[in-house]
Colleague: 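Please find one structure pasted underneath; my questions will follow.
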Amino acid sequence: MSFTDLQSIDHAVHACTNCALSEQRTKAVPGEGASNAGIMFIGEGPGYHEDRQGRPFVGPAGQLLDKLLASIGLKRADVYITNMVKCRPPSNRDPFPGEIQACSGYLDAQVKLIAPRVIVTLGRHSFGRFFPSESISKARGKARTWKGQTIFPIYHPAAAGRTAQSGADARARRGLPEAEDDAGEQCCPCSAAGAGRAAAFATLDVLAVMRRVSPCPGCV
Ligand code: URA
Ligand code: SF4
């Protein structure tokens with residue numbers, strides 16, 4: 001597929017019947033954000049709320065993503081947010097490999113047009129699209145290169161939401177203070193300033209990406 005702008009991708013996605021996910025969707029969800037975004041977030045696929053609104057990450061996972069962005073001083077409009085598959089899998093099941101494949105031309109075209117400095121993969125499936133044989137739990141939080149593109153894998157915000165509490169429990173069991181894990185991640189007081197603890201794991205990871213991608217002027 002060859003596209004010259006994001007709008008034509010959006011139109012093609014809305015009309016797409018390349019896979020069976022088209023049959024049950026309410027609205028396709030192409031993605032949204034800045035066409036020149038430095039950071040592109042790739043989730044798995046639309047859920048219930050996304051399917052109804054035609055927008056990515058607008059349900060509970062989206063609220064966590066918003067918090068995560070806010071904690072590093074970014075708004076949704078500053079980044080680009082999309083998913084591997086653009087139509088909701090029924091009952092939020094994992095997308096099938098054939099569906100991911102059928103949809104991949106749109107994602108490839110979005111990556112090519114936006115040319116982000118960093119792709120942040122959200123969760124196991126999105127990570128697996130680039131590194132199929134590796135484990136997200138080992139890979140998360142470290143920048144990687146895939147065909148010349150920097151990829152930064154983090155846990156899915158929904159999973160981070162579910163595990164934030166168990167993570168806090170685990171740290172407590174290990175006798176670590178709440179902020180121990182991020183002590184080495186903060187590059188300067190300004191990045192620390194807004195760093196809420198809401199989506200602890202994901203937030204800390206993205207702070208690390210930001211430090212790498214665009215170190216703040218005060219600390220370079
Ligand atoms: N989860 C995802 O992976 N993508 C969305 O758009 C919403 C929730
Ligand atoms: Fe087309 Fe992707 Fe939707 Fe399948 S998921 S119908 S390939 S837009």
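Along the sequence shown, the residues carry numbers beginning at 1. Note that this is a predicted model, so its numbers are computed, not measured. For ligands, and for the atoms within them, numbers begin at 1 and follow the listed sequence. Side-chain atoms are counted along with the backbone in the values below, which use heavy atoms only and exclude waters and symmetry mates.
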Colleague: Could you report the tightest heavy-atom contact between C16 and S22, atom names first, then the distance?
Modeller: O-CB, 3.4 Å
Colleague: Mind checking what makes side chain to side chain donor-acceptor pair (under 3.5 Å) contact with S133, not counting sequence neighbours?
Modeller: none
Colleague: Main chain of G62, side chain of E50: is a donor-acceptor contact present, judged purely on distance under 3.5 Å?
Modeller: no
Colleague: Residues two or more places apart in sequence or in another chain: which of them pass ring-ring contact (aromatic ring centres under 6.0 Å, His included) with F57?
Modeller: H156
Colleague: For ligand 1, would you mind listing the residues that have at least one heavy atom less than 4.0 Å away, ordered by chain and number?
Modeller: G43, E44, G45, E50, P56, F57, N83, H156
Colleague: Which atoms of the protein, restricted to N, O or S, are nearer than 2.8 Å to atom 2 (Fe) of ligand 2?
Modeller: C103 SG
Colleague: With respect to R140, which candidate in F152, F127, Y155 satisfies the side chain to side chain contact (heavy atoms under 4.5 Å, CB included) definition?
Modeller: Y155
Colleague: Is R144 positioned over the aromatic face of F130, cation under 6.0 angstrom from the ring centre and no more than 45 degrees off axis?
Modeller: no
Colleague: For the NE2 atom on H14, are there more than 12 heavy atoms of other groups (residues, nucleotides or ligands in this structure) within a distance under 6.0 Å?
Modeller: yes
Colleague: Keeping the roles fixed (side chain from N83, backbone from K86), state whether a donor-acceptor pair exists under 3.5 Å.
Modeller: no
Colleague: Does atom CD of Q101 have more than 12 heavy-atom neighbours, drawn from other residues, nucleotides or ligands, at distances under 6.0 Å?
Modeller: no
